[in-house]
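A, B, ... follow the sequence lines: proteins, then strands. Residue 1 opens every chain.
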Protein chains: 2
Amino acid sequence: MKQQEHHFLLPATVDEASRIFKALGDPTRIKILYLLSQEECSVSHITEVLELTQSAVSHQLSFLRNLRLVKFRREGNTFYYTFDDEHVITILNQVLTHIECD
Amino acid sequence: MKQQEHHFLLPATVDEASRIFKALGDPTRIKILYLLSQEECSVSHITEVLELTQSAVSHQLSFLRNLRLVKFRREGNTFYYTFDDEHVITILNQVLTHIECD
DNA sequence: ATAGTATATGAGCATGTGTTCATATACTAT
DNA sequence: ATAGTATATGAACACATGCTCATATACTAT
């Protein structure tokens, strides 16, 4: 066994990374984030475009909001969501591009 | 609501992406992959360095093997693991760097 | 006020995940 | 052959996850 020095990660770093990856580790959330990476969307628009229930979308948006990956603005009854973490969108697009270009 | 055309993702693309992100979405697997990104390691070395049980490490390596994110070679009783997906390691390091440099 | 619309939220449930414990396998050394 | 070492694997269990269903909230229109 080699006797190198390792560079160790801080527990907080590992936790934060796993939280980000976990957020991206679900097909529904990937679709939502990918949609939001293209344009600002209302909840009902996401619901229609992705053919999901309103509740499922709303729960996932709540999840993404807690992680500060998306934000929203209100206009009357309509909530418009946009992504709120450029870096995570970049990572997502890198992976998607990598897969599609296989 | 805007009436743009969306670029849609293939279901297979979404699935593959979520599988990759899910693999990275666990602290133990992040630590293992990060270690392997630095050097080839035996199972027992991983076990000691990360202070995990042998079984937990072995199960996670099996998981990572199935996704072809790691590979191993055998030398007697000892199994040496290395990463097997440069792109995934790159993504992992990007996210880790981004977090640490906050 | 009343009804309608858009979204959020809580409970419940089925399924997935990560661990431990016990045991199997495969090799090495005596 | 036998004991020891390194790793893999299956079962079981606690906990997390993502959905649906029902309902709450907050605004709009009449």
Side-chain angles (χ1 to χ4, degrees), chain A residues 1-2 11 14-36 40-82 84, chain B residues 1-2 11 14-36 40-82 84:
Chain A
M1 184 202 310
K2 284 181 266 177
V14 174
D15 285 355
E16 174 67 7
S18 77
R19 238 175 295 129
I20 290 173
F21 286 126
K22 215 166 264 182
L24 295 170
D26 173 73
T28 301
R29 286 193 293 271
I30 287 180
K31 287 183 224 161
I32 291 175
L33 284 173
Y34 184 70
L35 196 53
L36 296 182
E40 186 182 51
C41 291
S42 69
V43 176
S44 54
H45 186 216
I46 299 172
T47 301
E48 284 160 26
V49 169
L50 301 183
E51 301 185 71
L52 299 164
T53 66
Q54 180 269 318
S55 184
V57 171
S58 198
H59 276 296
Q60 295 294 7
L61 288 172
S62 156
F63 180 107
L64 295 169
R65 241 163 36 220
N66 287 334
L67 286 174
R68 301 185 190 284
L69 299 186
V70 303
K71 62 186 172 192
F72 69 97
R73 67 185 176 85
R74 188 173 193 148
E75 212 170 271
N77 267 344
T78 306
F79 291 55
Y80 292 100
Y81 279 80
T82 45
D84 195 24
Chain B
M1 187 201 308
K2 284 180 266 175
V14 175
D15 284 355
E16 174 66 7
S18 78
R19 237 175 295 128
I20 290 172
F21 286 125
K22 216 166 264 184
L24 295 171
D26 172 73
T28 301
R29 287 193 293 272
I30 288 180
K31 288 184 225 161
I32 290 174
L33 284 173
Y34 185 70
L35 197 53
L36 295 182
E40 188 182 50
C41 292
S42 68
V43 177
S44 54
H45 186 214
I46 299 172
T47 301
E48 286 160 25
V49 169
L50 301 183
E51 301 185 69
L52 299 164
T53 66
Q54 180 270 320
S55 185
V57 171
S58 198
H59 276 297
Q60 295 294 7
L61 287 171
S62 156
F63 180 108
L64 294 170
R65 241 164 35 218
N66 287 334
L67 286 174
R68 299 185 193 282
L69 299 186
V70 302
K71 64 185 171 194
F72 68 97
R73 67 184 176 83
R74 186 176 196 147
E75 212 170 90
N77 267 344
T78 306
F79 290 56
Y80 291 99
Y81 278 81
T82 46
D84 196 25

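Residues B:Ser18 and A:Leu24 have side chains not in contact (no heavy-atom distance under 4.5 Å, counting atoms from C-beta outward). Contact of the B:Thr28 side chain with the B:Leu50 side chain is not registered, since no non-hydrogen atoms from C-beta on lie closer than 4.5 Å. A:Lys22 has its side chain out of reach of B:Lys22: every pair of non-hydrogen atoms, C-beta onward, lies at least 4.5 Å apart.
Comparing A:Leu52 and A:Asn77, the nucleotide of DNA chain D nearest to each residue sits closer to the 5' end for A:Leu52. Mapped onto DNA chain D by nearest heavy atom, B:Thr78 and A:Gln60 fall at different nucleotides, with B:Thr78 at the one closer to the 5' end. Both A:His59 and B:Ala56 lie close to DNA chain C; mapped to their nearest nucleotides by heavy-atom distance, the more 5′-ward contact belongs to A:His59.
Of all non-hydrogen atoms in A:Leu36 and A:Val70, the two that sit nearest each other are CD1-CG1, 3.6 Å. B:Ala23 approaches B:Leu69 most closely through the heavy-atom pair CB-CD1, 3.7 Å.
To the nearest 0.5 Å, atom OG of residue A:Ser44 and atom CG of residue A:Asn77 are 10.5 Å apart. Rounding to the nearest 0.5 angstrom, the gap separating the OH atom in A:Tyr80 from the CD atom in A:Glu40 is 7.5 Å.
Residues satisfying the salt bridge (Lys or Arg N to Asp or Glu O under 4.0 Å) test with B:Glu51, not counting sequence neighbours, are none.
Within 6.0 Å of CZ on B:Arg73 lie more than 12 heavy atoms contributed by other residues, nucleotides or ligands.
A:Phe72 comes within contact range of no nucleotide atom at all, as no heavy-atom separation falls under 4.0 Å. Nucleic acid contact class of A:Ser58 (heavy atoms, under 4.0 Å, all strands): base.
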Pair pattern of DNA chain C in dot-bracket, where unpaired bases get dots and | marks partners in another strand, Watson-Crick or G-U under 3.5 angstrom:
||||||||||||||||||||||||||||||
Name every donor-acceptor pair, under 3.5 Å, that has one atom in a side chain of residues 55-65 of chain B and the other anywhere in the protein, sequence neighbours excluded.
{"unit_1": "B:Gln60", "atom_1": "OE1", "unit_2": "B:Arg29", "atom_2": "NH1", "d": "2.9"}
{"unit_1": "B:Arg65", "atom_1": "NH1", "unit_2": "B:Tyr81", "atom_2": "OH", "d": "2.9"}

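Annotation: proximity of residues 61-70 of chain B to DNA chain C (heavy atom, distance under 4.0 Å) is found for no residue. Residues of residues 18-35 of chain A that place a heavy atom closer than 4.0 Å to DNA chain C do not occur.
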A:Ile30 and B:Phe21: side-chain contact (heavy atoms from CB on, under 4.5 Å), yes or no, with the steps?
CA-CA 10 Å; A:Ile30 287 180; B:Phe21 286 125; 4.2 Å; yes
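First and last contacts of DNA chain C with chain B, using any nucleotide atom under 4.0 Å from a protein heavy atom and ordered 5' to 3', fall at C:dT17 to C:dT28.
The base of D:dC21 lies close enough to the side chain of A:Ser55 for a donor and an acceptor atom to sit less than 3.5 Å apart.
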